[in-house]
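Quick notes on the structure that follows.
Note on naming: letters A, B, ... go to the chains in the order of the sequence lines (proteins, then strands), and numbering restarts at 1 for each one.
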2 protein chains.
Amino acid sequence: MNITIYDVAREANVSMATVSRVVNGNPNVKPATRKKVMEVIQRLEYRPNAVARGLASKKTTTVGVIIPDISSIFYAELARGIEDIATMYKYNIILSNSDQNLDKEMRLLNTMLGKQVDGIVFMGGHITQTHIDEFKRSPVPIVLAGSIDPSGGVPSINIDYRQATYDAVSYLIEQGHKNIGFMIGPLNNPINLEQKLVGYKDALEAAGIGFQEEYVIEGDETYESGVEVWKKFHDMEERPTAIIAGNDDMAIGIMNGAQDEGVSIPNELEIISSDDTKLATMVRPQLSSISQPLYDIGAVAMRLLTKYMNKEEVDEGTILLPHRIEYRDTTK
Amino acid sequence: MNITIYDVAREANVSMATVSRVVNGNPNVKPATRKKVMEVIQRLEYRPNAVARGLASKKTTTVGVIIPDISSIFYAELARGIEDIATMYKYNIILSNSDQNLDKEMRLLNTMLGKQVDGIVFMGGHITQTHIDEFKRSPVPIVLAGSIDPSGGVPSINIDYRQATYDAVSYLIEQGHKNIGFMIGPLNNPINLEQKLVGYKDALEAAGIGFQEEYVIEGDETYESGVEVWKKFHDMEERPTAIIAGNDDMAIGIMNGAQDEGVSIPNELEIISSDDTKLATMVRPQLSSISQPLYDIGAVAMRLLTKYMNKEEVDEGTILLPHRIEYRDTTK
DNA sequence: CTGAAAGCGCTAACAG
DNA sequence: CTGTTAGCGCTTTCAG
């Protein structure tokens, strides 16, 4: 049997309430008895049982984190931001991969709520009404990180993807490009469909360039899909002279695909990537990329969640962090 | 107030014991009453409180995972393997970053034990006696993943790093190289000091090549350190004609450092990397690399842990998974 | 096959 | 400043 608060109380000749008080830093304890209790705690190597505490207090100081795939650089960076801030606020994290699978997401949500997490950070590409309904029923607060609820009802941390894409495309247009390809991520993700794509179209329109359906090709965020998509661009009668890509993996796929065929970058093809993960500076040429503060998105999401868990007033639940474009060697 | 087992019992006209039985799939329940209870559970949307359950049963079905840094590709891949198998066995994971900091590691260990995890997967570079002592006192099983306890007392999953390094160096020697540099990871990590370095020396010795201290340079596993270390190799009067690197990040640093100076790879410099993460095929030239089954190391570690948690007999706690060398374009 | 009852280890009033 | 006393929601004997 493990040693309990009761053992400590007995050894220290106090009640368990007193032990509980010193353990929880309650000031209403005479220094002398506090000292005495502390000693016994040390001697017995007493370690409070958080489960019992959770049951009694209805707080577990753990938050659930639902993430598409922890082995993706993008999400791992968010996760790191989340975890650091969680630690800072004394929370632990239950982390689970969803693979963006709706069933799995709902199941995870439920097991986490069953485990009485105090809050949840949710990351996922495709947020449906089903999600939102479940989120609304949750007894604990939920915030989205790097994910968008099109209806805007769920708190979330992101950058302004529309604007960022607009900026990138506008830059390319300024460089004289008219045929600008866009390898976009899955279109069931509103970030892609409702923000990035719109930013792309808006920039084109602002410059009086006609939108060409075929220049927008969907990828699945992987390097391999980048390589594939390059082939499609390559085969076009009017091949794009510049491409923006939805993330670094895809951009590198395009770049390698093009370079392996002898296309000179950036001279014959300019590329602007997105996300600016550490991959961007590891490849040659180094990727010009839309940079978003991944770590901060996670960190701010967790910070926001702590406020909700604390029932603090929050003025704005939908937060846009700043972005910028890093111009490196895939642009002139 | 949330709805409890008691509410269900009342609504279904049975005792809470019976509800508990159906929830836990205990066969000793008449089908009819099971059905009745199930219906009430559905209707009331009853969700068992795992905290209460944990307190009563002394099992939380959650395991702790202590990881140096989830945003490192290497560890993220391990984590994914761990989590997948955990899910398969109905466990959840409490994930925390340690940054390889001893204090933090010990603190995490303690808070996880306080949260009554059923077991722990530990990843860390430098495992000291302090670690081992703490591991031994743990009331729940602990297994290491991609980490070594030099004393061999703690169960662990790895590859044979000595042999893998030996193989890589031997290959380079066969290619005619005599001056083989080794950019090794931190030497306080026994994997580096006691295995990789030894494999390097053994291969040299087997070929009758003298060991040269200056050819072994320590890096901190980052890309940047690779770039730095290249400079040192570059400045040597007898510059190495081949280099093996302790991981892909460092290898890419070296490669880019060399290439940016016009060194032709693999013609003037051959490189064999380690870990074979997805980076290896994303850079040009693609890295030849010692390949270890990262995901599987995590998966097997978790699987082993489930056996310990189940109190099954385990014949061998120290498991070495197979490795191989992927020859790509940084070797001839 | 089902129910009653005793905890699991701790927090949180409520007295004093 | 300290102790008493209820629970928190569930599992688990032990009867029947």
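Asn28(A) comes within 4.0 angstrom of a base, heavy atoms only. Within 4.0 Å (heavy atoms only), Ser20(B) reaches at least one base atom of the nucleic acid.
Summarising the geometry of Val121(B) relative to Ile82(B), their closest heavy-atom pair is CG1-CD1, 3.6 Å, with the distance given to 0.1 Å. The nearest pair of heavy atoms linking Ile127(B) to Ser147(B) is CD1-CB, 4.1 Å. The minimum heavy-atom distance linking Lys115(A) with Ala50(B) is given by the pair CA-CB, 3.8 Å. The nearest pair of heavy atoms linking Pro293(A) to Ile159(A) is CD-CG2, 3.8 Å.
The listed nucleotides are dT2(D), dC10(D), dC10(C); the one nearest the side chain of Tyr46(A) is dC10(C). Checking dA12(C), dT2(C), dG9(D) against the side-chain heavy atoms of Ala56(B) singles out dG9(D) as nearest. Checking dT11(D), dC10(C), dC10(D) against every side-chain atom of Ala52(B), the shortest atom distance belongs to dC10(D). With dC10(D), dG3(C), dA13(C) as the candidates, the nucleotide lying closest to the side chain of Val14(B) is dG3(C). When each of dG3(D), dG3(C), dC8(C) is scored by its nearest atom to the side-chain atoms of Lys58(B), the top-ranked nucleotide is dC8(C). For Arg21(B), the side-chain atoms get nearest to dG3(C) when compared with the rest of dG3(C), dC10(C), dG9(D). Of the candidate nucleotides dA4(C), dT2(D), dG9(D), dG9(D) has the atom lying nearest to any side-chain atom of Leu55(B).
OP1 or OP2 of dT11(C) has at least one side-chain nitrogen or oxygen of Arg53(A) nearer than 4.0 Å. At the phosphate of dG3(C), OP1 or OP2 sits under 4.0 Å from a side-chain N or O atom of Ser15(B).
In this structure, Ile5(A) atom CD1 and dA12(C) atom C1' are separated by 12 Å, rounded to whole Å. Atom-to-atom, CG of Asp7(A) to C1' of dG9(C) comes out at 10 Å; the value is rounded to the nearest Å.
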